[in-house]
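Structure record follows, encoded as structure tokens.
Counting from 1, the numbers follow the sequence of the chain as shown.
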Amino acid sequence: MKPTSATVLDREFLTMRCKLLDLAAAFDRIARDSHTPSNDPRLTQIRQAASILASDESAKAEKIQLRFSLPYDEKWRE
């Protein structure tokens, strides 16, 4: 049986809240460092993933995973 959104929130709310607070704290630490390069590709990926997370789009997990993945290379075995 597929869980309802209320069931998921009842079960996951505190964990989700904790993860969001961890992310917010990490963003705050990065922002306080005056030596953080604005063009760091990792920070760009994280910001893009956060944007996906905040959107109303579906398949967020898949889209975020793809944001951090390398494109498929057919010659990877060569």
Side-chain angles (χ1 to χ4, degrees):
M1 183 173 189
K2 183 179 172 183
T4 66
S5 57
T7 303
V8 173
L9 282 170
D10 288 345
R11 184 182 61 222
E12 300 290 337
F13 177 77
L14 292 176
T15 301
M16 293 168 69
R17 181 180 145 229
C18 180
K19 290 177 181 182
L20 287 168
L21 288 168
D22 284 344
L23 282 170
F27 276 119
D28 286 347
R29 288 189 296 273
I30 290 168
R32 283 193 299 267
D33 180 12
S34 61
H35 298 95
T36 302
S38 60
N39 61 347
D40 188 313
R42 298 169 299 175
L43 192 52
T44 300
Q45 285 178 312
I46 289 170
R47 286 184 174 139
Q48 290 169 343
S51 178
I52 292 167
L53 185 63
S55 74
D56 289 333
E57 296 180 49
S58 61
K60 288 179 175 67
E62 177 184 1
K63 290 174 182 173
I64 289 172
Q65 179 62 45
L66 289 171
R67 173 76 346 248
F68 290 102
S69 299
L70 295 173
Y72 179 71
D73 181 3
E74 292 182 15
K75 300 177 183 179
W76 69 274
R77 288 186 171 199
E78 295 176 10

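- If you take CG on D28 and CG on D33, they are separated by 13.0 Å, rounding to the nearest 0.5 Å.
- A 6.0 Å sphere centred on CD of E62 holds no more than 12 heavy atoms belonging to other residues, nucleotides or ligands.
- To the nearest 0.5 Å, atom CD1 of residue I30 and atom CZ of residue R47 are 7.5 Å apart.
- Heavy atoms only, all atoms of each residue included: I64 and A49 are closest at CD1-O, 3.6 Å.
- Judged as a side chain to side chain donor-acceptor pair (under 3.5 Å), not a single pair has a partner in residues 8-19 (not counting sequence neighbours).
- Counting all heavy atoms, side chain and backbone alike, I46 lies closest to F27 at CG2-CZ, 3.4 Å.
- Using a distance-only test at 3.5 Å, with no hydrogens or angles considered, no donor-acceptor pair links the side chain of K63 to the main chain of L53.
- Listed by chain and residue number, S69 satisfy the side chain to side chain donor-acceptor pair (under 3.5 Å) test with Q65 (two or more places apart in sequence, or in another chain).
- With rounding to the nearest 0.5 angstrom, the CG atom of L9 is 8.5 Å from the OG1 atom of T4.
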